[in-house]
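Just so it is clear, the values below take in all heavy atoms, side chains as well, and ignore hydrogens, waters and symmetry mates.
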Amino acid sequence: MKLLIRNLNRSTTAEDIRELFESYGTVQSCSLVMDKETGKSKGFGFVEMPKLGEAKAAMKNLNGKEIEGQNIRVKKSEPNA
């Protein structure tokens, strides 16, 4: 399951996110969306977790959690229409 993580602190790294989600299970991939001009995080990213149950547990427990001063939002990533 691919998860969308929003409202991240701009200083949060992909490794920070990977560690956070790995406490709920296997993380297949983790990426932050970066601003092409500044090279800094845009404040959101994606995590892919191959096991549905682990992804749902991570989504349930991390949505609204405060990370580096920001209450992050975690939801299932919807494919582009």
Side-chain angles (χ1 to χ4, degrees):
M1 177 185 282
K2 189 171 187 178
L3 301 174
L4 169 65
I5 302 93
R6 300 187 62 93
N7 205 36
L8 292 167
N9 187 309
R10 306 252 191 243
S11 66
T12 302
T13 66
E15 189 57 36
D16 294 335
I17 298 302
R18 178 179 289 277
E19 288 175 13
L20 185 65
F21 279 80
E22 280 179 340
S23 63
Y24 294 94
T26 304
V27 173
Q28 184 174 328
S29 68
C30 177
S31 62
L32 290 178
V33 177
M34 307 303 272
D35 185 291
K36 289 179 182 162
E37 291 182 18
T38 66
K40 295 182 180 179
S41 168
K42 287 190 169 189
F44 69 100
F46 299 92
V47 170
E48 284 191 71
M49 299 181 78
K51 295 182 181 170
L52 188 62
E54 294 175 354
K56 285 184 175 182
M59 189 168 36
K60 179 182 175 190
N61 290 292
L62 295 174
N63 187 43
K65 184 175 178 75
E66 185 179 321
I67 306 295
E68 294 186 24
Q70 300 281 106
N71 289 331
I72 66 171
R73 295 192 314 268
V74 181
K75 68 177 195 171
K76 182 178 178 186
S77 176
E78 300 297 332
N80 292 337

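Taking the side chain as every heavy atom from C-beta outward, Leu20 and Ile72 approach each other to under 4.5 Å. Side-chain contact between Lys56 and Leu52 is present, with at least one heavy-atom pair separated by less than 4.5 Å. At a threshold of 4.5 Å between non-hydrogen side-chain atoms, the residues Lys2 and Glu48 count as touching. Annotation: side chain of Arg73 is in contact with side chain of Asn63 (closest heavy-atom distance under 4.5 Å).
In terms of heavy atoms, Cys30 sits closest to Ala14 at SG-O, 3.3 Å. Among all heavy-atom pairs drawn from Gln28 and Pro50, the shortest one is OE1-CB, 3.7 Å. Taking both residues in full, the closest heavy atoms of Asn9 and Ile67 are given as CB-O, 4.5 Å, listed atom of the first, atom of the second, then distance. Nearest heavy atom pair, residue Met59 against residue Leu3, reads SD-CD2, 4.0 Å. In plain terms, the two heavy atoms of Gly64 and Asn71 that are nearest each other are O-OD1, 3.6 Å.
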Just list the side-chain donor-acceptor pairs under 3.5 Å for residues 37-46, sequence neighbours left out, or say none.
| residue | atom | partner | partner atom | Å |
| --- | --- | --- | --- | --- |
| Thr38 | OG1 | Lys40 | N | 3.2 |
| Ser41 | OG | Gly43 | N | 2.9 |

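Residue pairs meeting the side-chain hydrogen bond (donor to acceptor under 3.5 Å, both in side chains) criterion with at least one member in residues 14-24, sequence neighbours excluded: Thr13-Asp16.
Hydrophobic clustering keeps Leu8 apart from Leu4 (ILVMFWY residues linked when any side-chain heavy atoms are closer than 4.5 Å, directly or through intermediates).
Of the inter-residue distances, the one linking Lys76 atom NZ with Glu78 atom CD reads 6.0 Å to the nearest 0.5 angstrom.
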